[in-house]
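Along the sequence shown, residues are numbered consecutively beginning with 1. Both counts, for ligands and for their atoms, begin at 1 and track the order of listing.
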Amino acid sequence: MPSTSDTQLAHDAVAARVAKVRARIEAACDRADRSPDDITLVAVSKTFPMQAIDAGQAAGLMHFGENRARQLRDKAKARPGQHAGGDVIWRMIGHLQTNKAKFVARHADAFDALDSPRLAEELNKRAAKNDRVLPCLVQVNISGADQKYGLPPQDTHAFLDALADHEHLAVRGLMAMASFTEDPEDVRDQFKQMHELFATYDARNNPRVTMETLSTGMSNDFEVAIEEGSTMVRLGTAVFGPRSYD
Ligand SMILES: *Cc1c(COP(=O)(O)O)cnc(C)c1O
């Protein structure tokens, strides 16, 4: 067990980082003439222990992102998410293999990396078994060859259309990871393209889709993402400090 003072130090460090992040979000919103109230901060807690969740909550955070289905399940068992009556929101933000869909359908509050018809089928089935509707974001591959996962941008709208009969999924928007670069200005165009895809989908005839959330921006590029229309940023390093692995 960590001593009280260690815990306090960890809490203080996270609170200080969150304060800095909030100030940077506000500044980016100012530049874009947007309201910080329209930006949701997801604290990416992957690889960090439950104490990090405590520290994040103490700093006022509610959304936590995990990229491994089993890790999410274990953490959500220790601290149930909102759909299970808890006070945190567990978001699965990483690629999901079909055989692990059951963990996400049961334990996640939201799945932010939906990118194939087969996975949609399986999640819909599993969510039905758990008697719930699973909020999802559709992941788009906006960086081309730099990434393995996500739908090609040109296929995104047709994919959304095809989800119309998946009664146990509720698509709330899109998610993407930009290319990794030293200079976030290099990926401004990718964020612009994502906003275009997000803003031009006509959900009027699709009961399964409402376009509310555009999840773009990570620790190294979130200000540019916000300037280009992001409504949800996913920050690991900027909130919890460096990770030793992915
Ligand atoms: C790890 C991860 C993040 C956060 O990365 P940082 O650079 O630490 O902010 C965001 N999104 C996804 C999908 C991730 O896997």
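For atom 1 (C) of ligand 1, the choice among R243, R68, K46 with the nearest heavy atom turns out to be K46. Evaluated by nearest non-hydrogen atom to atom 5 (O) of ligand 1, the leading choice among E66, M177, M218, Q139 is M218.
Counting atoms of ligand 1 from 1 in the listed order, those under 4.0 Å from a heavy atom of L235 are 9 (O). In summary, the atoms of ligand 1 found under 4.0 Å from a heavy atom of T237, numbered by their order in the structure, are 6 (P), 7 (O), 8 (O), 9 (O). Each of the following atoms of ligand 1 lies closer than 4.0 Å to a heavy atom of I93: 11 (N), 12 (C), 13 (C), 14 (C). Contact atoms of ligand 1 toward G236: 4 (C), 6 (P), 8 (O), 9 (O) (distance under 4.0 Å to a heavy atom of the residue).
The backbone N or O of T237 sits nowhere less than 3.5 Å from a side-chain atom of R17 that would complete a donor-acceptor pair. Proximity of a side-chain donor or acceptor of D221 to a complementary backbone N or O of P184 within less than 3.5 Å is not detected.
The side chain of V44, and not its backbone, has at least one atom closer than 4.0 Å to an atom of ligand 1 (non-hydrogen atoms only; side chain from C-beta on).
For a threshold of 3.5 Å applied to N or O pairs, the pair formed by N67 and ligand 1 contains no separation below that value.
The side chain to side chain donor-acceptor pair (under 3.5 Å) with E66 is formed by just one residue from the set H107, K75, K46; it is K75.
No hydrogens or angles considered: a donor-acceptor pair under 3.5 Å links the side chains of R91 and H63. With no hydrogens or angles considered, a side-chain donor-acceptor pair links S179 and Q190 at under 3.5 Å.
Residue contacts with ligand 1 leave out N220, since none of its heavy atoms falls under 4.0 Å from the ligand.
Between F64 and W90, the ring planes lie tilted relative to each other; the angle falls in the 30° to 60° range.
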Legend entry - Trace of the side chain to side chain contact (heavy atoms under 4.5 Å, CB included) decision for V44 with M218: CA-CA 9 Å; V44 178; M218 301 173 34; over 6 Å; no
